[in-house]
2 protein chains.
Amino acid sequence: MSVTAPAGFRAAGVTAGLKPSGKPDVALVVNDGPLDAAAAVYTSNRCKAHPVLWSERASADGHVGAVVLNSGGANCFTGPEGFQTTHATAELVGELTGCGAGDVVVCSTGLIGVQFSRERLLAGVRAAHAQLDAEGGSVAATAIMTTDTVPKQAVARKTGFTVGGMAKGAGMLAPGLATMLVVVTTDAVAEPADLDRALRAATRTTFDRVDSDGCTSTNDTVVLLASGASGVTPPAAELDAAVHEVCAQLARMLVADAEGAEHDIAVEVVGAASEADAVEVGRSVARNNLFKAAVFGRDPNWGRVLAAVGTTSAAFDPQELDVTLNGVPVCVGGAPGADPAAVDLAPREVRVLIDLHAGTQEATVWTNDLTHAYVHENSAYST
Amino acid sequence: MSVTAPAGFRAAGVTAGLKPSGKPDVALVVNDGPLDAAAAVYTSNRCKAHPVLWSERASADGHVGAVVLNSGGANCFTGPEGFQTTHATAELVGELTGCGAGDVVVCSTGLIGVQFSRERLLAGVRAAHAQLDAEGGSVAATAIMTTDTVPKQAVARKTGFTVGGMAKGAGMLAPGLATMLVVVTTDAVAEPADLDRALRAATRTTFDRVDSDGCTSTNDTVVLLASGASGVTPPAAELDAAVHEVCAQLARMLVADAEGAEHDIAVEVVGAASEADAVEVGRSVARNNLFKAAVFGRDPNWGRVLAAVGTTSAAFDPQELDVTLNGVPVCVGGAPGADPAAVDLAPREVRVLIDLHAGTQEATVWTNDLTHAYVHENSAYST
């Protein structure tokens, strides 16, 4: 269901032959209206892929008629030929759907610096258009997978309207988004400004707080489309909450399917002087390879948590820091607390609670452990 | 030889029983003068270990009579008991050597948050003092090893004076120094201010540009001692060059012995608008797990280099970036260049050359690949 759960959307996914594996690699999502309101956020990476550079302009006016996505190549650092591929793709989708190239968002994912076949992609777009279906959300979600092991879909049904979404992403997850493509749809009646507010608020505390491996992709895109087909104009708070719910579900799925991960780690920072401090501390721990490797080894090595905290500029006194691992207060007041041997790191979900004792703000950053499988997958991806 | 290569120094290394392995774990380096001039730099981590907090004060006046080092425990986040251990150690060394506790630098390395036996450490200090020897540099270098596979020593013999050094460090190598203890000695006649200048200049472009795994330790210490026993007062440039030479050798040895590494990677950034830009770009690439895993897999995945460059605030235009891997210009002007298949990543040393085309400044940051052995070693270190 996912992106086709709300009324007014059709989707499709096909095999265009961009992936050597022969798996589906082109997806199309079309907004049949009556509205074509939209909002989008893109990677913070300054080396943006061609489809991101294109889509930033296409979505800037708050109107998007269709989103076309391909796996099998990121189309980044591919020179003028790569940009022409993106442009030709948007032109074709605009022509087929009647919305015009300027209202087409293009998303690509895969290897950077590799040209893929424009002919195959365009043929795939034609095939996808021919297969557009109001039940096509799931097959579209499958066609955008790269190293994902499962398609990622979420739906929130509210009073009179629905929000649905699909996501792909399993590595390069980092702030400013991940190698992550997300399409969220709703049949609510909403202005582009409403969607922009809802999407930015949701991504700030969901996708932006997933930091699987500290790497920021060149292609990250999250786009929210509203068809208005429900005829219902929800209150702002209700729309915001529904969009947040879908984004939070998808973000959690990204963590759960991160490359090679054996643990999902919630780094919860409380007692911070500011939310920014809490996020900085959480992200620092989430990016610490030594700590992440320790979790993989089920080693409650809280010293590595504190060593990471110490690299931040957050307000705290080292002698007042508390660290609790899965409920066991292993460090209290900057000194050894309960016996770390009591910490059970066998479950998939690990909760690291850090109290800075410097204020009342808090934030949670999600990450994964650093495993042999992560190294294996990322040392063998393109070869 | 190492720290005892210059005249005026004695050293020793003994087994005190702090390490479960029964390997040597306490080292002592004593400056017999006639001078006791010194300079030191410490970790930038805000969670500093007790010995760092102590030594910062001990070395602040530019006079150090002895350095005592233990492996087998970092003595960090160990509460008042841990601080008393450091204090008692300095008191004992000051008493035995006659230099006074306030001129004793204390260094510890090992697990954070674990108390070790003060009695064993003090007994080890007595034993080390009894074995002090003008040829004791090598055994001292061995006693400070943790996960190091080889002791690290370097000597620079100049006109009339000598600089020698020892280092330990194999993981947690990062800016603001590493889990890295370094003692550098010289028999040159020099004022504390001269030593401070020479040491800061040397560490800025050597140890501070080693970033093995992005993690900054709580215990890093680099101390430079001058005995003046040669009677030679070298020109500032000559002293600076000799100190730099020894630091550069030791830094290179740290990279070569980094935990589980199969490749030593030099990230050379040229054409930068400023040296700070060059260092920021170099460090960003050096910390990118995806790129580091690719090097382990001998995969010339230059897209990951550019994705890392894109996360920095350095001056550059993405469409002008060049990347050369081991001499092969795989990316030219932000587009695919020579065939990456021509890149040979079999040799231990890998050179990544990034031209930002934004100026004339440059810098090189050293790192290692991300390997199964790194994950294994760091997931099993304390358990």
Side-chain angles (χ1 to χ4, degrees), chain A residues 44-48 74 76-80 82 111-115 171-172 176 213-218 287-290 293-299 301-304 306-312 316 318 321 330-331 333-336 370-372 374-383, chain B residues 44-48 74 76-80 82 111-115 171-172 176 213-218 287-290 293-299 301-304 306-312 316 318 321 330-331 333-336 370-372 374-383:
Chain A
S44 60
N45 199 305
R46 291 170 59 205
C47 294
K48 297 181 202 302
C76 182
F77 286 110
T78 45
L111 278 177
I112 297 171
V114 175
Q115 299 284 3
M172 245 194 206
D213 62 6
C215 300
T216 307
S217 154
T218 50
R287 289 183 166 194
N288 189 277
N289 278 351
L290 290 169
V295 171
F296 167 57
R298 302 185 182 183
D299 171 9
N301 194 323
W302 57 269
R304 293 176 178 176
L306 291 178
V309 174
T311 63
T312 70
F316 69 82
L321 295 173
V330 287
C331 177
L370 179 59
T371 68
H372 288 300
Y374 177 90
V375 173
H376 175 74
E377 193 157 346
N378 286 299
S379 61
Y381 181 42
S382 79
T383 51
Chain B
S44 60
N45 199 305
R46 291 169 59 205
C47 293
K48 297 181 202 300
C76 181
F77 286 109
T78 46
L111 278 178
I112 297 171
V114 175
Q115 298 285 3
M172 247 193 206
D213 62 7
C215 301
T216 306
S217 155
T218 51
R287 289 184 166 191
N288 189 277
N289 278 351
L290 290 169
V295 171
F296 167 58
R298 302 185 182 183
D299 171 8
N301 193 323
W302 57 268
R304 294 176 177 177
L306 292 178
V309 173
T311 64
T312 71
F316 69 82
L321 294 173
V330 287
C331 177
L370 179 59
T371 68
H372 288 300
Y374 177 90
V375 173
H376 176 73
E377 193 157 346
N378 286 298
S379 62
Y381 180 41
S382 80
T383 51

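For the numbers below, each heavy atom of this structure counts, side chains included, while hydrogens, waters and symmetry mates do not. Note on naming: letters A, B, ... go to the chains in the order of the sequence lines (proteins, then strands), and numbering restarts at 1 for each one.
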Count the heavy-atom pairs under 4.5 Å between each of B:A74, B:P336, B:G79 and chain A, then report the option with the highest count.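 Most heavy-atom pairs under 4.5 Å with chain A: B:P336.
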Shorter than 4.5 Å, heavy atoms on both sides: which option in B:A335, B:G82, B:G333, B:A308 has the most such pairs with chain A?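 Between B:A335, B:G82, B:G333, B:A308, the count favours B:A335.
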Is B:T78 in contact with chain A via its backbone, its side chain, both, or neither, using a 4.5 Å heavy-atom distance?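 The answer is the backbone of B:T78.
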Can you tell me how far apart CD1 (A:I112) and CG (B:L306) are? Round to the nearest 0.5 Å. 7.5 Å
Is the closest side-chain heavy-atom distance between A:Y374 and B:V375 below 4.5 Å? no
Does the side chain of B:F77 reach to within under 4.5 Å of the side chain of A:L321, using non-hydrogen atoms?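 The answer is yes; the side chains approach within 4.5 Å.
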Under 3.5 Å, side chain of A:R46 to main-chain N/O of B:P318, donor-acceptor pair present?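 Side chain of A:R46 to backbone of B:P318: no pair is present.
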Taking side chain as everything from C-beta outward and backbone as N, CA, C, O, which of these in A:T371 sits under 4.5 Å from a heavy atom of chain B? Side chain, backbone, both or neither. backbone
Fit a plane to each ring of B:H376 and A:H372, take the angle between them on a 0 to 90° scale, and name the class: parallel (under 30°), tilted (30 to 60°) or perpendicular (over 60°). parallel
